Amino acid sequence: MTKDPAALLAAVEGLRASVDAVRLPLELDGVDRARVEQRELVQQLDDYVLPRLRSLDAPLLAVVGGSTGAGKSTLVNSIIGAEVSRPGVIRPTTRSSVLVHHEQDSRWFTDKRVLPELARVAGDGSQDDPGAVRLVPSDSLPSGLALLDAPDIDSVVEANRSLSKQLLSAADLWLFVTTAARYADAVPWDLLREASERGTSVAIVLNRVPPEALSQIRLHLASMLRDQGLGKSPIFTVTEVDLEEGRIPAQQIERLRGWLHSLASDARARSIVIRRTLTGTLGSLGDRADHLISAGEQQSAARDVLAAAPRAAYADALSGVGDGVQDGSLLRGEVLARWQELVGTGEFLRSIEAGIGRVRDRVSAFFTGKQVTSEPLGEALQSGAAALIASHGQVAASTATRVWKSAPGGPPLMSAHPELSKASPQFLDDVQRLIRDWQHDIFEMVREEAGSRRSTARYLAFGVNGLGVLLMFVVFSSTMFIPTGAEVAVGAGSAVVAQRLLEAVFGDQAVRAMAVKARERLLELVEVLYAQESARFDRVLDEVSVQPEAIAGLTRSAAEVEAAR
């Protein structure tokens, strides 16, 4: 034990808080076991370690545990000499656990010092509440020792099994009851192996042993105990005899009763048992914390993968829109047809064939008369841009969910949120609103740039809307793009014409600056929209919050306990 009990207590209190702070919400391989281990660690810290550190002089608590039908309650009643624990006739037995103690020790058990989760029931109260512990004072048990009759460790009722393990973990001493017929069963040995690993003090009661097989069974049991590191555990045998008034004859349990009474009366012997179990349990905390830390790190890593998937998918979508905006691919089909209607198909094509010098003549002619109608071209450009943004957004949702369906922890989230596989219901409306907002920004840009030019014939020939549409047309092209295919080549040439028309009003430097600014503004709006779509995944992950800082805190707390031991 430590030379500074206060420092050790503070370290263990910090460990308890850190263990409780860890979250394991994702359904990963092995997580069920990790959650059980976390719950059991918190319970043992609350039920045993912290109470014992705070009260080293409290009575020794011996928990009587064992398999179904081993005779635990009968043994307790026989030790006390009265029926304090009702034997179960019908299995499984669902009842309150029974804690027998001397009257002078009542103060140690009436409050929530140990087993704080369990309600207290006094005296002969109801025995049918598995969430309670029934306190029974008895002068037959010496002060300094308490016996707790636990449920069956192999009960068919899971809650009984869980409670039995919890009670055993709260013990200074396991009084493990088994029978000649079942002493080699796997379930008891799993628990005994765990007791050995944690340094828990154990005593074995071998019940209902045929007298003729006593020596052979005892030797075999002793050999099994040695194999599990429990070779120093005392073995008490009860031969197969008839009960007297439902209890084991006194001479059969005289040795066991005497041993328990000596523990109660001998402060040094009691302290040795208590400190052995406490020291062993403290020594096991590091490994148990490491297991939880590993489980927490797996959760954090899995969540990082899940969080990265939608971010990467929508980043790729934004990049795809950026490429589509400037690679000239939108300047075809409906957009190209509306452009040709605007400038005159025949003359336009002949201008392209004659070279850009002839286009200037065509541009000059444009500014001599009537207002140009650009609305059909604007609508085509808006539709094309909206389709580009919507398509990449839909693909991003599909890509992110495909990763989630195959990533650890992802399938249950997708089962709970199948709507993530598609864009949000309002997504298409949001895209249309985005395009309208962008067009509004372009028109404002044209107005600001026009300045004193607003009264010129060239400006008036197109107006704000017409010039804005031409600027949109230029945005959806790239001077670095080398087109292939007749339609794309015509589209690229059309963008040159549109650029020349704008330059005739604003000048070449201003047109280039406006085109860059308009393109950047469009991508900013798309980025915001995609972030909104990606946030749907983040909100789902918020429901399974994993806190890396809790893992770091547990690591520190475990190290502090180790240093304080």
Side-chain angles (χ1 to χ4, degrees), residues 14-46 117 158-159 161-163 165-166 169 186-187 190-191 193-194 197-198 281 284-316 396-422 533-559 561-562:
L15 177 66
R16 195 271 181 218
S18 296
V19 170
D20 193 48
V22 174
R23 296 291 175 264
L24 306 174
L26 295 174
E27 298 301 327
L28 308 180
D29 290 342
V31 71
D32 289 339
R33 181 58 197 162
R35 289 167 181 162
V36 170
E37 290 177 350
Q38 180 185 22
R39 184 182 71 247
E40 290 177 348
L41 180 52
V42 169
Q43 287 177 336
Q44 189 169 34
L45 290 169
D46 284 345
E117 292 182 355
E158 182 179 355
R161 297 196 304 273
S162 178
L163 178 58
K165 192 168 184 181
Q166 179 183 355
S169 295
V187 172
D190 287 340
L191 284 174
R193 187 178 302 110
E194 188 173 309
E197 291 171 353
R198 296 182 185 177
T281 303
S284 73
L285 296 180
D287 286 343
R288 297 165 75 183
D290 286 344
H291 291 164
L292 183 56
I293 290 168
S294 177
E297 288 173 342
Q298 290 175 13
Q299 292 273 322
S300 185
R303 192 183 186 281
D304 287 346
V305 170
L306 294 173
R311 293 171 190 163
Y314 283 98
D316 288 345
S398 298
T399 300
T401 55
R402 186 168 60 251
V403 173
W404 276 30
K405 287 177 180 178
S406 60
L413 298 181
M414 285 307 309
S415 296
H417 297 277
E419 72 279 2
L420 293 177
S421 62
K422 298 180 180 179
E533 289 293 294
S534 181
R536 299 182 303 144
F537 293 83
D538 293 335
R539 286 191 291 271
V540 171
L541 288 179
D542 287 341
E543 299 173 7
V544 288
S545 177
V546 175
Q547 300 171 322
E549 62 273 15
I551 304 300
L554 178 56
T555 302
R556 289 193 300 271
S557 295
V561 170
E562 185 62 26

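Just so it is clear, the values below take in all heavy atoms, side chains as well, and ignore hydrogens, waters and symmetry mates. Keep in mind it's a predicted model, so treat the numbers as computed, not measured. Residue numbers run from 1 in the order of the sequence given.
Using a 4.5 Å heavy-atom threshold, the side chains of Glu297 and Ile293 count as touching. In this structure, the side chains of Pro408 and Gln298 stay at 4.5 Å or more apart for every pair of heavy atoms. Counting only heavy atoms from C-beta outward, the side chains of Leu285 and Leu15 approach each other to under 4.5 Å. Using a 4.5 Å cut-off on side-chain heavy atoms (C-beta onward), Gln43 and Glu117 make contact. Within the 4.5 Å cutoff, the side chain of Val31 has heavy atoms near those of the Gln299 side chain. Side-chain contact between Ile551 and Val546 is absent, with no heavy atoms from C-beta onward closer than 4.5 Å.
In this structure, the separation between CG on Leu41 and CZ on Arg288 is 4.5 Å, given to the nearest 0.5 Å. Of the inter-residue distances, the one linking Glu419 atom CD with Thr401 atom OG1 reads 11.0 Å to the nearest 0.5 angstrom. Summarising the geometry, atom CZ belonging to Arg198 is positioned 5.0 Å from atom CD belonging to Gln44; distances are rounded to the nearest 0.5 Å. Note that the CZ atom of Arg311 and the CG atom of Leu306 stand 10.5 Å from one another [nearest 0.5 Å]. The line from OG of Ser421 to CE of Met414 is 5.0 Å long, rounded to the nearest 0.5 Å. Note that the CG atom of Leu541 and the CZ atom of Arg539 stand 11.5 Å from one another [nearest 0.5 Å].
Closest of all the heavy-atom pairs between Leu26 and Arg303 is CD1-N, 3.8 Å. Scanning both residues, Pro411 and Ala407, for their nearest heavy atoms gives CD-O, 3.2 Å. In terms of heavy-atom proximity, Ser300 sits nearest to Pro548 at OG-CG, 3.7 Å. Nearest heavy-atom pair across Arg536 and Leu420 is NH2-O, 3.6 Å. Of all non-hydrogen atoms in Ser18 and Gly553, the two that sit nearest each other are OG-O, 3.5 Å. In this structure, Glu27 and Asp32 approach most closely via the heavy-atom pair OE1-OD1, 4.1 Å.
In this structure, Glu549 places its CD atom where more than 12 heavy-atom neighbours from other residues, nucleotides or ligands lie under 6.0 Å away. Remark: Asp29 CG is loosely packed, at most 12 non-hydrogen atoms of other residues, nucleotides or ligands lying under 6.0 Å away.
Judged by distance alone, the side chain of Gln38 and the main-chain N or O of Val22 form a donor-acceptor pair under 3.5 Å. Formation of a donor-acceptor pair under 3.5 Å by the Arg35 side chain with backbone atoms of Leu24 is found in this model. Panel note: side chain Ser284, backbone Thr281; a donor-acceptor pair is recorded below 3.5 Å. For Ser169 (side chain) and Lys165 (main-chain N/O), a donor-acceptor pair under 3.5 Å exists by modelled atom type.
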